[in-house]
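Would you mind keeping the following structure in view while I ask a few things?
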Amino acid sequence: MQLLSSYLLPTEREDPADAEARSHRLMVRSGLIRQIGAGLWSWMPAGWRIHSRVCDVIRDEMEAIGGQEMLMPVLLPAEAWKRTGRYEIDELFKLEDRKGAEMVLAMTHEEAVTSHVAQVVRSYRDLPLILWHLQTKERDEPRPRAGVLRTREFIMKDSYSFDCDQAGLDEAYEKHSQAYERIFDRCGLEWYRVESDVGMMGGSGAHEYMAPCAAGENEVALAPGYAANVEVASAQAQEVELPPIIAEPETVETPGLTTVEQVSKSLGVSSGALLKAFPVITDDRLVLVLVRGDHRVNETKLTNALGSPFRQATNEEIEEGIGPVGFIGPVGSDCEILLDEAATAGQYIVGANLVDAHLRGVEPGRDFSFKSVDVRSVEEGDLVNGHPIRIEPAIEIGNIFRLGTRYSEALDAFYLDSDGVRQPIVMGSYGIGPARIVAAAIEQLSDDSSMIWPRNIAPWDAEVVVLGGEGSDELAAGLKLATELEEAGLTVVVDDRSDSPGAKFADADLLGVPVRLTVGKRGLASGQVEVKVPWHPEDRMLALETAVSAVAEERASSN
RNA sequence: CGGGGCGUGGCGCAGCUUGGUAGCGCGCUCGCUUUGGGAGCGAGAGGUCCUCGGUUCGAAUCCGAGCGCCCCGACCA
C-alpha cells in the first residue's frame, strides 16, 4: 500500500493562474503533472500511475489483435525522412550530431518501422504484420496549449500494419477499429469514431476517435448514424429563400457595399441569396470559388477538391484576373469557377466586376459555367439522412489511417508475391495518445474540484482516509482495512498524514480514487467505517468487519 | 507567425501611475492546543523583484533591447 505521508503528491489549494481548460487546471491542482517549459510536462508519481494504467489497457488490446510490441528510437537519421518527403515539415525537430550528420527527432515512426520492414521482409510468407510501440514523439508545435492536450513532447501508442494487398489492409484496419473501440470503452470515455481528412500522412482513408468535451480543439458533426470531423463533413444545406426569377441579369447599384451582410441588407434579401466569391491561387492559376452567402469555405475540403494546396489570391491578383475587390463575381470572368453544390438551381446575387455594382438574377449554368464541388463547412442544423446535425468540440484521442504504399514505395519496402512478382507492401498506421485519454477523462468526468476516475485507469482502486494522527486508533484501524483491501485484490492508498480532515477530504476529491473509506472516531466508536463508491454514491456506514468484502463484491459485480 | 496579456519567496497576488532599499494570503519550520470538509495561538525561515544595458545620488518602479510563459487566431498527428 502507498502511504500519502511519504508520497510526492503536490496538490495546490488554488487554481494555477494560467490554466484555462478544466483538465489542465485539475491535473496541476491534483498534483498529477507539472510544467517545465512551453508544451513540456512532467508526470508526477500519481499522474504517471494513471498514464501507465491507460497504457496497460492499450497493451492488452493490442496484444489481443496480434500486435507485436517493440521499441524504436526517438533520435533518427534524417535520410529516410528526406526520402519520404517529410523532412520539410516545420514541426519536425532537426539537429546534427557531433560529426555533422543530419538527425531528426521522431514525430511519428513510419520512416523507422518501414525501414526495418524493408530490410527484413522479403516474401508474402512474412506478411501480414502488426508492429507497435509506446514511444515518445517530438513535435515543434507552434502553439502548445491546455496542459497535456497539445504538447511538444508526448508519448504515443503507434502501430503499423504491413499487408500484401488492400484486402489485407482492410482486415488490419478493422482489427484496429475494434481494438480502439474496446480501449476507449475500457478507459471509461464517451467517444465517437468520425471520418477524417488524411492530412500530411497521405493515404486513402482515415478515421479519428473523438472524445467530446469543452476543451476539444476539433469539431465533429453528429447526427444519428453519422459522425465526421467538420474538416470533411458533408450535409444537405438548409433551404434559403431566393428572390423571384427575372428574365436576365440586372445591374444594381451597391455603392460601397462590399460584404455579404451589407449587400443582403441593402437589397432586402437573405444572405443565402448571394454567392460569396473566394478567389484562390493553386498551382499558379487563379480559381474563383463560390459558396452561398450564408456559408463558409472549408479549407480542407477545398484543398481536397483542388487536389493541391492553395492560398488566397492577393488584391493585385484579383484586380488583374477578375475585377475590383469587393465586387467580383463569376459573370464575364474567364478564370476557372468552382460552385459549391449547396447553391442549388435558382438565381443569385453576385458581384458585377464593376465598382459599386452587383448583378441580380444570375443563374449558374446560364450566365456562367462552373464545376460543381462540395467545399463548404457544414452548419449546425444541416441535414444528414433527414436528421439535423449538431456540432460539438472534441479531443482527438486516436486515429487510424489507410496509408497504402506511400511509405513502402519511398523506402523500398517490397515483397515477392506467390508468382515471384515484386510488390509494394500495403501499410496502415494507427495512433493513440494516452495523455489525451487522461485529459479527456477529466474533461468528461470531473467537476471544478473533484474527479472520479473510471476504475480501469484510476491511480489506485481504493483510498483509506484516516482521520487521526500518529498513534491513534483510527490510524491502526485504517492500516488494517488497507491491508485487507489489498488482500482482496485492490490497490490501496492511505492518507495517513496529520492534516485536518477538511484538507484530506479536499485532496481525496482532487485525486479521485473511486472507492473511499473514511475511518474516524465517530464510526470507530460503533465499529463502523464510512464508504463512498461510484456505484453507490451516497455515503454509507458499514461495519468494519464486513466493509472490505462488501466493497470487493460490489466492485466485481459493477461494470 | 499575427493579436492580446503576464513575469515580484513553493503557490495565488499587491506594490509600479508619482523612483527612496519589498509586502499580504496560503504553504513551509519549531512549540502548544486542535481532528468529520482546506484548524487556532505564538515564534521563525525563505526573494538575483525574468535577463542585460541605460537614466539617476538612488530603479521592482522610468527608458531600450532580449528571454520566458499564458490566452485568442493561423497552423497542426
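Every chain is numbered from 1 and lettered A, B, ... according to where its sequence line falls, protein lines coming before strand lines.
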Both A/Gly523 and A/Asp15 contact RNA chain B. Which one's nearest nucleotide lies toward the 5' end?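 That would be A/Asp15.
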
Assess whether one donor atom and one acceptor atom, taken from the side chain of A/Asp509 and the base of B/rG37, lie less than 3.5 Å apart.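 Counting by modelled atom types and ignoring angles, a donor-acceptor contact under 3.5 Å is found here.
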
Taking NZ from A/Lys521 and C1' from B/rU35, how many angstroms apart are they, rounded to a whole number?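 My rounded result for the distance is 7 Å.
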
Can you tell me which nucleotide in B/rC70, B/rC71, B/rC11 comes closest to the side chain of A/Ala38?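 In terms of side-chain proximity for A/Ala38, the closest of B/rC70, B/rC71, B/rC11 is B/rC70.
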
Base, sugar-phosphate, or nothing: which does A/Asp158 touch, judged by heavy atoms less than 4.0 Å apart?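 If one applies the 4.0 Å heavy-atom cut-off, A/Asp158 turns out to touch nothing in the nucleic acid.
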
Identify whether any heavy atom of A/Arg436 sits under 4.0 Å from a base atom; if not, whether one sits that close to sugar-phosphate; answer base, sugar-phosphate or nothing.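 Counting heavy atoms under 4.0 Å across all strands, the contact made by A/Arg436 includes a base.
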
Output yes when a side-chain donor or acceptor of A/Asp495 lies under 3.5 Å from a complementary backbone atom of A/Val466, and no otherwise.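 A pair under 3.5 Å: no.
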
Does the gap between the ring centers of A/Tyr430 and A/Phe401 come in under 6.0 Å?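 So the answer is no for these two rings.
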
B/rG38 P sits how many Å from A/Leu510 CG, rounded?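 So the CG-P distance, A/Leu510 to B/rG38, works out to 14 Å.
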
Who is the Watson-Crick or G-U wobble partner of B/rG42, with both distances under 3.5 Å?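 Paired with B/rC30.
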
Length of the line joining A/Glu91:CD and B/rA77:P, which is rounded to integer Å: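 Rounding to the nearest Å, CD of A/Glu91 and P of B/rA77 are 7 Å apart.
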
Please report the distance separating the P of B/rA45 from the corresponding atom of B/rG23, rounded so that it comes out in whole Å.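 About 13 Å, rounded to a whole number of Å.
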
Respond yes when some side-chain nitrogen or oxygen of A/Arg13 is under 4.0 Å from OP1 or OP2 of B/rG25, and no when none is.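 No, outside the criterion.
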
Within the 4.0 Å heavy-atom criterion, would you say A/Gln35 contacts the bases, only the backbone, or no part of the nucleic acid?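 Contact class for A/Gln35: sugar-phosphate only.
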
Between B/rC71, B/rA39, B/rC69, which one does the side chain of A/Glu20 approach most closely?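 Of all the options, the side chain of A/Glu20 is nearest to B/rC71.
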
Write down the distance between CZ (A/Arg497) and C1' (B/rG37), rounded to a whole number of angstrom.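 Between C1' of B/rG37 and CZ of A/Arg497: 14 Å.
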
Would you indicate what A/Ala146 reaches in the nucleic acid, counting non-hydrogen atoms under 4.0 angstrom: base, sugar-phosphate, or nothing?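 It contacts sugar-phosphate atoms only.
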
A/Pro501 side chain: which of B/rU35, B/rG25, B/rG38 is closest?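 The listed nucleotide nearest to A/Pro501's side chain is B/rU35.
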
Give the nucleotide from the list B/rA77, B/rU35, B/rG38 with an atom nearest to the side chain of A/Glu396.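 Comparing B/rA77, B/rU35, B/rG38 against the side chain of A/Glu396, the answer is B/rA77.
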
B/rU35: pairing nucleotide in any strand, Watson-Crick or G-U under 3.5 angstrom: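 Its partner: none found.
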
Electrostatic pair A/Glu138-A/Arg152, nearest N-O below 4.0 angstrom: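 The answer is no: the pair does not qualify as a salt bridge.
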
Rounding to the closest angstrom, what is the interatomic distance between B/rG15 and B/rU8 at atom P?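 It works out to 14 Å between them.
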
Assuming nearest nucleotide by heavy-atom distance, tell me which of A/Glu217 and A/Ala21 is located more 5' along RNA chain B.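 Nearest nucleotide further toward 5': that of A/Ala21.
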
On the six-membered ring of A/Phe154, is A/Lys137 placed so that its NZ or CZ lies under 6.0 angstrom from the centre and within 45° of the ring axis?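 Judged by the rule, A/Lys137 and A/Phe154 form no cation-pi pair.
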
Going by purine N1 to pyrimidine N3 plus the second Watson-Crick contact, or the G-U wobble pair, all under 3.5 Å, which nucleotide sits opposite B/rU21?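 The base-pairing partner of B/rU21, which may sit in any strand shown, does not exist here.
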
Please tell me which of the listed nucleotides, B/rG37, B/rA39, B/rC71, lies nearest to the side chain of A/Arg516?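 My answer, after comparing the listed nucleotides, is B/rG37.
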
Which listed nucleotide (B/rA74, B/rA77, B/rG38) is nearest to the side chain of A/Asn399?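 The answer is B/rA77.
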
When you measure from the side chain of A/Glu12, which nucleotide among B/rA77, B/rC11, B/rC71 comes out closest?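 Side chain of A/Glu12 sits closest to B/rC11.
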
Atom-to-atom span, CG of A/Asp539 to P of B/rG37 - whole angstrom: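 Atom-to-atom, A/Asp539 to B/rG37, this comes out as 12 Å.
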
Rounding to the closest angstrom, what is the interatomic distance between B/rC11 and B/rG47 at atom C1'?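 Approximately 14 Å lies between the C1' atom of B/rC11 and that of B/rG47.
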
Lys/Arg-Asp/Glu bridge criterion (N-O < 4.0 Å) met for A/Glu61, A/Arg182: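 Here A/Glu61 pairs with A/Arg182 in a salt bridge, since their nearest N and O are under 4.0 Å apart.
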
P spacing across the pair B/rU61 / B/rA77, given as an integer number of angstrom: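 About 44 Å, rounded to a whole number of Å.
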
Could you please spell out the steps behind the salt bridge (Lys or Arg N to Asp or Glu O under 4.0 Å) verdict for A/Asp447 and A/Arg22? CA-CA 8 Å; A/Asp447 62 31; A/Arg22 180 171 13 191; 5.9 Å; no

My understanding is that a pair needs two contacts under 3.5 Å, Watson-Crick or G-U wobble. By that rule, which nucleotide pairs with B/rA65?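 Its partner is B/rU51 (Watson-Crick or G-U wobble, both distances under 3.5 Å).
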
What nucleotide, of B/rG38, B/rC70, B/rC11, holds the atom closest to the side chain of A/Asp507?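 So the side chain of A/Asp507 is nearest to B/rG38.
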
Say we look at B/rA60 and B/rC49: how far apart would their C1' atoms be, to the nearest angstrom?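 Looking at atom C1' only, B/rA60 and B/rC49 are 5 Å apart.
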
Opposite nucleotide pairing with B/rG73, Watson-Crick or G-U, both atom distances under 3.5 Å: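 The answer is B/rC1, by the H-bond criterion.
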
Between P on B/rA39 and CZ on A/Phe505, what's the gap in Å once rounded to a whole number?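 Rounded to whole Å, this separation is 12 Å.
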
Taking CG from A/Asp448 and C1' from B/rG38, how many angstroms apart are they, rounded to a whole number?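 That distance rounds to 16 Å.
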
C1'-based separation of B/rU48 from B/rU34 [nearest Å]: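 Approximately 41 Å lies between the C1' atom of B/rU34 and that of B/rU48.
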
Between B/rG66 and B/rG2, how many Å separate the two P atoms, rounded to a whole number?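 Pairwise P distance, B/rG66 against B/rG2, rounds to 13 Å.
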
Within the 4.0 Å heavy-atom criterion, would you say A/Gly520 contacts the bases, only the backbone, or no part of the nucleic acid?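 Answer is base: heavy atoms of A/Gly520 come under 4.0 Å of a base.
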
What integer distance in Å separates A/Leu467:CG from B/rG38:P?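 To the nearest whole Å, that distance equals 13 Å.
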
Are A/Trp132 and A/His176 an aromatic pair, judged by ring center distance below 6.0 Å?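 Not under 6.0 Å, so no.
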
Mind checking A/Gly433 for me? I need base, sugar-phosphate or nothing, with any heavy atom below 4.0 Å counting as a touch.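 Nothing, no heavy atom under 4.0 Å.
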
Checking side-chain contact (heavy atoms from CB on, under 4.5 Å) between A/Asp509 and each of A/Met451, A/Arg516, A/Lys504, which is the one that passes?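 Result for side-chain contact (heavy atoms from CB on, under 4.5 Å) with A/Asp509: A/Arg516.
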
With a 4.0 Å cut-off, would you call A/Arg145 and A/Glu217 a salt bridge?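 Answer for the salt bridge query: yes.
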
Can you tell which of B/rA77, B/rG12, B/rC75 lies closest to the side chain of A/Phe154?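 Selected nucleotide (nearest to the side chain): B/rA77.
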
Looking only at side-chain N and O atoms, does A/Arg143 come under 4.0 Å of OP1 or OP2 in B/rC1?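 For A/Arg143, the contact criterion (side-chain N or O under 4.0 Å from OP1 or OP2 of B/rC1) is not met.
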
Presence of donor-acceptor pair under 3.5 Å, side chain of A/Arg29 and base of B/rG38: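 Donor-acceptor pair under 3.5 Å: yes.
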
When you compare B/rG7 with B/rU51, how far apart are their P atoms, in angstrom units rounded to a whole number?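 After rounding to an integer number of Å, I get 14 Å for this pair.
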
